[in-house]
There are 2 protein chains.
Amino acid sequence: MSRSTVCEDPLAREPGDRRETILDSAAALFARKGVAATTVRQIADDVGILSGSLYHHFDSKEAMVDEILSSFLRDLNDRYTKVLAQKTDARVRLHDLVMASLEVVEAHPHAAEIYQNDLNYLLGIERFSYLRNAGRQVQDAWLTVIDAGVAEGVFRGDLDSKIVYRLMREAIWLSVRWFKPSRAYPIAKLAGDATSLFLDGLTAETAGPPDRA
Amino acid sequence: MSRSTVCEDPLAREPGDRRETILDSAAALFARKGVAATTVRQIADDVGILSGSLYHHFDSKEAMVDEILSSFLRDLNDRYTKVLAQKTDARVRLHDLVMASLEVVEAHPHAAEIYQNDLNYLLGIERFSYLRNAGRQVQDAWLTVIDAGVAEGVFRGDLDSKIVYRLMREAIWLSVRWFKPSRAYPIAKLAGDATSLFLDGLTAETAGPPDRA
DNA sequence: GTCTATATGCAGATAGAC
DNA sequence: GTCTATCTGCATATAGAC
């Protein structure tokens, strides 16, 4: 539509990139201060334009939030679907679910934080009622894996699987608030450690056969 | 100061109760929609007065948030202190820390949710910079218990204790978003189940001593 | 695609009557 | 202790020039 039709310097940013630049600024601000507390002026300042100019690219502030969260949820859904398609051992699938979650969070850190912090607020806005569905799908994915594990006898059956799901998923997703992946401690290691904690527990295995600790 | 000096009908609410009523309404709204997105008019509506009248009781909206969070944090600090004073087995103390957390969350559900959701936003306001300290104290309490357990050989030493702390504490505190205690499933049971999951893991112990992995 | 200028509404907060 | 009335500022969003 309004995209330029001539080819610019190939080293310059492509057309359409401007939208992404704005969304990046907006997402960072939304994540840090909350959606309601972030003004379109702050977003414009961060980009380096005036607030009125934002409306050339987006219909409203809500529209920006919408795009940010939608792409996050699309990615999340894709990865969870792939994990569920694998019919492997429940322990492996649980680990894969943890890893997939951390990968999505790493790819969309701001969106993940917005989802964590502002979900209640957003659900009060009609436009975002679809978020309720997204939450249900996430829960279904985890419960499928947990319940399969219990059925196979691999997982304990004495705990309510919904409670187990909540405790594990929230712990993993909230890592976006404090975890910064590094060479020394990449997300794969966090996924391994978290899964190991959830599956085997914090208790030392000294007393057992040999000593694994 | 401004409290009435005569004794009213003993069945009526005591003087000073009006403040509490307002704080309750405010806390519920702050928790549900977020502090920034809640207006003083909504609070007044909920109480059944006009927004201007709120300022007879409180200096500002921030002052309300301040009182709500302060009493929550005071209670939290008290209970954590008591748990740390007990020099019992690390497993027991970890359970007690979980239980203390759930008790505070149960006693101040709205405040706990505000703290969870709006901490980033509030930390951007000078008045609330003291919240940073509160967070450090919580972390110290958990790390003390975890590290003591590792030192005693009761807990595994192969996981970073800060990571373990984050995963467990966030899972427990976030339960305020979904857990509603009932006769059938009171907080004591959640504390037990969560502690059991963290300490012993989700893996079934069907096979004997041999392969637990 | 950005700017200037501005419409419109609602936010937090205040002063003084009752 | 609440209400009436209102101040002040800033929010989102728009219209049209450049």
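Throughout, protein chains are lettered first and strands after them, A, B, ... in sequence-line order, and every chain is numbered starting at 1. Side-chain atoms are counted along with the backbone in the values below, which use heavy atoms only and exclude waters and symmetry mates.
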J.: Relative to the 5' end of DNA chain C, which residue comes earlier, Q42(B) or L50(A), by the nucleotide with the nearest heavy atom?
T.: L50(A)
J.: Can you identify which nucleotide, out of dG12(C), dG1(D), dC3(C), has its nearest atom closest to the V40(B) side chain?
T.: dG12(C)
J.: Between C1' on dA5(D) and CD1 on I49(B), what's the gap in Å once rounded to a whole number?
T.: 17 Å
J.: Salt bridge check: are D118(B) and K33(B) linked by an N-O gap of less than 4.0 Å?
T.: no
J.: Expressed as a whole number of angstroms, how long is the span from Y55(A):OH to dT6(C):P?
T.: 19 Å
J.: Nearest whole Å is fine: how far is dA13(C) P from H57(B) NE2?
T.: 16 Å
J.: Quickly work out the K61(B) NZ to dC10(C) P distance and round it to whole Å.
T.: 16 Å
J.: R41(B) has an atom CZ; how far is it from atom C1' of dG9(C), in whole Å?
T.: 11 Å
J.: Between R18(A) (CZ) and dG1(C) (P), how many Å, whole number?
T.: 9 Å
J.: Quick one: which of dG12(C), dC3(C), dT12(D) gets closest to the side chain of S53(A)?
T.: dC3(C)
J.: Using a cut-off of 6.0 Å, state whether more than 12 heavy atoms not belonging to R32(B) lie near its atom CZ.
T.: no
J.: Please report, rounded to the nearest Å, how far the P atom of dG1(C) is from the CG atom of D17(A).
T.: 12 Å
J.: Any idea which of dG1(D), dG12(C), dT2(C) is nearest the H56(B) side chain?
T.: dG1(D)
J.: Please check if atom CG in D160(A) has more than 12 non-hydrogen atoms from other residues, nucleotides or ligands closer than 6.0 Å.
T.: yes
J.: Going by side chain to side chain donor-acceptor pair (under 3.5 Å), name the residues that satisfy it together with T195(B), two or more places apart in sequence or in a different chain.
T.: none
J.: Report the distance from atom CE of M64(A) to atom P of dA11(D), rounded to the nearest whole Å.
T.: 14 Å
